[in-house]
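First up is the structure itself, then whatever we jot down about it.
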There are 2 protein chains.
Amino acid sequence: MSDLLQRLRSRGWRLTSQRRVVAEVLDGDHVHLTADEVHLRAAARLPEISRATVYNTLGELVAIGEVLEVSTVGRAKRYDPNARRPHQHLMCSGCGMIRDVHPVGNALGDLPESERFGFAVGSVEITYRGLCPACA
Amino acid sequence: MSDLLQRLRSRGWRLTSQRRVVAEVLDGDHVHLTADEVHLRAAARLPEISRATVYNTLGELVAIGEVLEVSTVGRAKRYDPNARRPHQHLMCSGCGMIRDVHPVGNALGDLPESERFGFAVGSVEITYRGLCPACA
DNA sequence: TCCTACGATGGACTTCGTCCAAGTCAAGAA
DNA sequence: TTCTTGACTTGGACGAAGTCCATCGTAGGA
């Protein structure tokens with residue numbers, strides 16, 4: 001994660017304690033926290049940190065591609081720090097838990113030219129849904 | 001769409017003017033309206049219809065599988081009446097326009113057992129992203 | 001050490017959606 | 001046809017998630 005801090009610094013980011021804490025909170029695999037959870041965990045280490053700062057920092061991290069936003073139907077956005085290695089998601093329809101997964105095959109190639117409607121298709125996002133062992 | 005009304009009646013639904021209007025608004029292909037847009041269009045035909053009723057009706061239609069909720073990163077949910085024929089989505093990163101698409105291949109089968117983490121995987125949702133001709 | 005522009009703060013505000021008590025009405029019964 | 005009843009609708013309050021903004025604080029260069 002100090003890699004991340006280095007990359008941020010080289011982009012001209014000021015390394016404030018708030019940004020450092022947000023980056024630390026997002027460290028790890030299979031991490032898919034909501035903004036509120038990020039705020040909660042960040043506040044445990046830095047009690048004065050504000051919600052606005054967490055939203056700002058997450059938004060900036062998403063903008064520069066260090067973090068992905070995961071869209072979840074009807075729930076708060078989740079933030080996925082594993083942006084540097086391509087992967088897809090498996091989501092529990094019961095509790096909302098998310099795991100990173102790596103399907104085989106080439107989903108982009110599975111979309112025929114005739115189905116592209118003139119779009120310049122650049123990426124594909126796949127979400128598998130089902131019940132996790134705990135919810136089943 | 002009168003098919004839909006018949007199916008709803010056979011499920012014991014009362015066919016109120018409000019429900020009829022919501023069903024009419026959702027008629028067609030490549031329709032992906034937000035709840036607010038549904039309300040706007042419904043109100044054009046039935047000015048007294050309330051937001052709560054639109055939300056209720058959409059929720060019920062989703063619950064019985066006649067309409068799909070489409071997750072869009074960050075924006076309001078969209079409702080897709082084309083629930084009876086399986087399809088995926090192609091979304092413009094510029095303007096947010098959505099088209100229904102039909103990829104070849106078997107995305108569900110592309111997820112190896114070792115990547116399922118004990119989940120009972122039931123469905124897969126694929127969103128292709130790119131720029132539409134107008135935005136490119 | 002000092003300066004200053006970039007970043008943080010917190011509270012108001014917006015958007016999207018849900019809930020509820022009270023009123024209305026579709027459709028079956030007589 | 002009229003009656004009855006409980007399912008449906010309404011509008012407004014409420015809540016969660018997210019944005020905006022004026023002001024204050026401070027990282028890091030001079």
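Order of the sequence lines sets the chain letters (A, B, ...), proteins ahead of strands, with each chain counted from 1.
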Could you tell me whether a side-chain N or O of B/Arg19 sits under 3.5 Å from a main-chain N or O of B/Arg14, the two making a donor and an acceptor?
yes
With rounding to the nearest 0.5 angstrom, report the CD1 to OG1 distance, A/Ile49 to A/Thr57.
6.5 Å
Are side-chain heavy atoms of A/Leu8 and A/Leu61 found at a separation under 4.5 Å?
yes
Check the distance between C/dT9's C1' and A/Ile49's CD1 and give it to me in whole angstrom.
11 Å
Has A/Thr53 got a side-chain N or O lying under 4.0 Å from the OP1 or OP2 atom of C/dT9?
yes
What is the distance, to the nearest angstrom, from the CZ atom on B/Arg51 to the C1' atom on C/dC20?
15 Å
In whole angstroms, how far is the P atom of D/dC8 from the CG atom of B/Leu46?
17 Å
Look at A/Arg19 and C/dG7 and indicate whether a side-chain polar atom (N or O) is within less than 4.0 Å of OP1 or OP2.
yes
Euclidean distance, atom CG of residue A/Leu40 to atom P of D/dA17 [Å, nearest integer]:
12 Å
Would you kindly give the CG-to-P distance between A/Leu5 and D/dA27, to the nearest whole Å?
15 Å
Taking the six-membered ring for Trp, are B/His89 and B/His32 parallel (under 30°), tilted (30 to 60°) or perpendicular (over 60°)?
perpendicular
Could you run down nucleotides 22-30 of chain C 5' to 3' and tag each one B, S or - for protein heavy-atom contact under 4.0 Å?
---BBS---
For the residue pair A/Asn82 and A/Leu68, establish whether any side-chain heavy-atom pair is separated by less than 4.5 Å.
no
Euclidean distance, atom CG of residue A/Asn56 to atom C1' of C/dC6 [Å, nearest integer]:
12 Å
For a quick test of reading the model: is some side-chain N or O of B/Tyr55 closer than 4.0 Å to OP1 or OP2 of C/dG17?
yes
A/Glu69 atom CD is separated from D/dG18 atom C1', nearest whole Å, by 11 Å
Distance check: side-chain N/O of A/Gln18 vs OP1/OP2 of D/dG25, anything under 4.0 Å?
no
What is the distance from CD of A/Glu48 to P of C/dG10, rounded to the nearest Å?
8 Å
More 5' along DNA chain D: A/Ala35 or B/Glu60, using each one's nearest nucleotide?
B/Glu60
Heavy-atom distance under 4.5 Å between the side chains of B/Cys92 and A/Phe119, does that happen here?
yes
Taking A/Glu125 for its side chain and B/Thr127 for its backbone only, find out whether a donor-acceptor pair lies under 3.5 Å.
no
